[in-house]
Amino acid sequence: MKFYIKLTKVGKVTVVENNNKIERIILGSRICDGEENETNLIREVFDQLNLYLDGKIKEIKVPYRMIGTEFQKRVWQELLKVKYGHIETYKRIATLIDHPKSARAVGNACGKNPLAILIPCHRVVSLSGNKLNYVYGAEIKKFLLNLEGVNL
């Protein structure tokens, strides 16, 4: 396993690669098991991430692996369908994955998303209350949504 930490427009970001697939994109710096090494794939993630944060591309396309429970993976797969510049609600995601009473569990899955920005959990909001609830903080969520043209 290899990881690397770089400073971006949303602060420090840690990218973790294992067996030629990205397993984690973490907003913030986190020392991980393995070797600190900016591989070609990790460099590609940072290149695409910077293009995304500059508004030049709309998604990050790299080989990745989702690590989580089956429920979490279903949520994350559904999040991949939420298009750039759009938002969805936890309740609607729950309904789309055939768990209409599981909005809170969907929120928990969003909070455990191992691939920040690549799996766009920042595009999910609550029906009422705090629309800027985000594991990495309201300011980063607001920045990402504004970047995509969503004004809350």
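None of these values were measured; they are calculated from a predicted model.
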### Query
Who passes side chain to side chain contact (heavy atoms under 4.5 Å, CB included) against Asp54, sequence neighbours left out?
Lys9, Lys56
### Message
What I'd like to find out is whether the side chain of Phe3 reaches to under 4.5 Å of the side chain of Val15, using heavy atoms alone.
### Response
no
### Message
Once side chain to side chain contact (heavy atoms under 4.5 Å, CB included) is applied, do any residues pair with Asn108, and if so which ones, sequence neighbours excluded?
### Response
Arg104
### Result of checking Asp47, Leu115, Val45 against Val62 for side chain to side chain contact (heavy atoms under 4.5 Å, CB included)
Val45
## Note on the structure
Minimal heavy-atom distance between Leu27 and Tyr134, with the atoms involved, is CD1-OH, 3.9 Å
### Message
Under 4.5 Å between side-chain heavy atoms, counting indirect links through other Ile/Leu/Val/Met/Phe/Trp/Tyr residues: same cluster for Leu80 and Phe71 or not?
### Response
yes
### Query
Would you say Lys6 has more than 12 foreign heavy atoms packed within less than 6.0 Å of its NZ?
yes
### Query
Ignoring hydrogens and geometry, is there a side-chain-to-backbone donor-acceptor pair from Thr14 to Gly28 under 3.5 Å?
yes
### Message
Could you check whether atom NZ of Lys58 has more than 12 heavy atoms from other residues, nucleotides or ligands sitting under 6.0 Å from it?
### Response
no
### Message
If hydrophobic clusters are built from ILVMFWY residues whose side chains come within less than 4.5 Å, do Leu51 and Tyr4 share one?
### Response
yes
### Task
Mind jotting down which residue pairs meet the side chain to side chain donor-acceptor pair (under 3.5 Å) criterion with at least one end in residues 75-88? Sequence neighbours excluded, please.
Glu78-Lys81
### Task
Under the side chain to side chain contact (heavy atoms under 4.5 Å, CB included) rule, collect the residues that match up with Lys61, sequence neighbours excluded.
Gln48, Glu59
#### Entry: Closest non-hydrogen atom pair, Ile119 against Asn113
O-ND2, 2.8 Å
Ignoring hydrogens and angles, write down the donor-acceptor pairs under 3.5 Å from the side chains of residues 136-148, residues two or more places apart or on other chains.
unit_1 : atom_1 : unit_2 : atom_2 : d
Lys141 : NZ     : Val124 : O      : 2.5
Lys141 : NZ     : Asn133 : O      : 3.1
Asn146 : ND2    : Lys142 : O      : 3.3
Glu148 : OE1    : Gly85  : N      : 3.0
Glu148 : OE1    : Arg123 : NE     : 2.8
Glu148 : OE2    : Tyr52  : OH     : 2.5
Glu148 : OE2    : His122 : NE2    : 2.9
Glu148 : OE2    : Arg123 : NE     : 3.2
Glu148 : OE2    : Arg123 : NH2    : 3.0

### Over 12 foreign heavy atoms within 6.0 Å of CZ, Arg92
no
#### Entry: With Thr8 via side chain to side chain contact (heavy atoms under 4.5 Å, CB included) - residues at least two apart
Val10, Val13, Phe46, Leu49, Asn50, Leu53
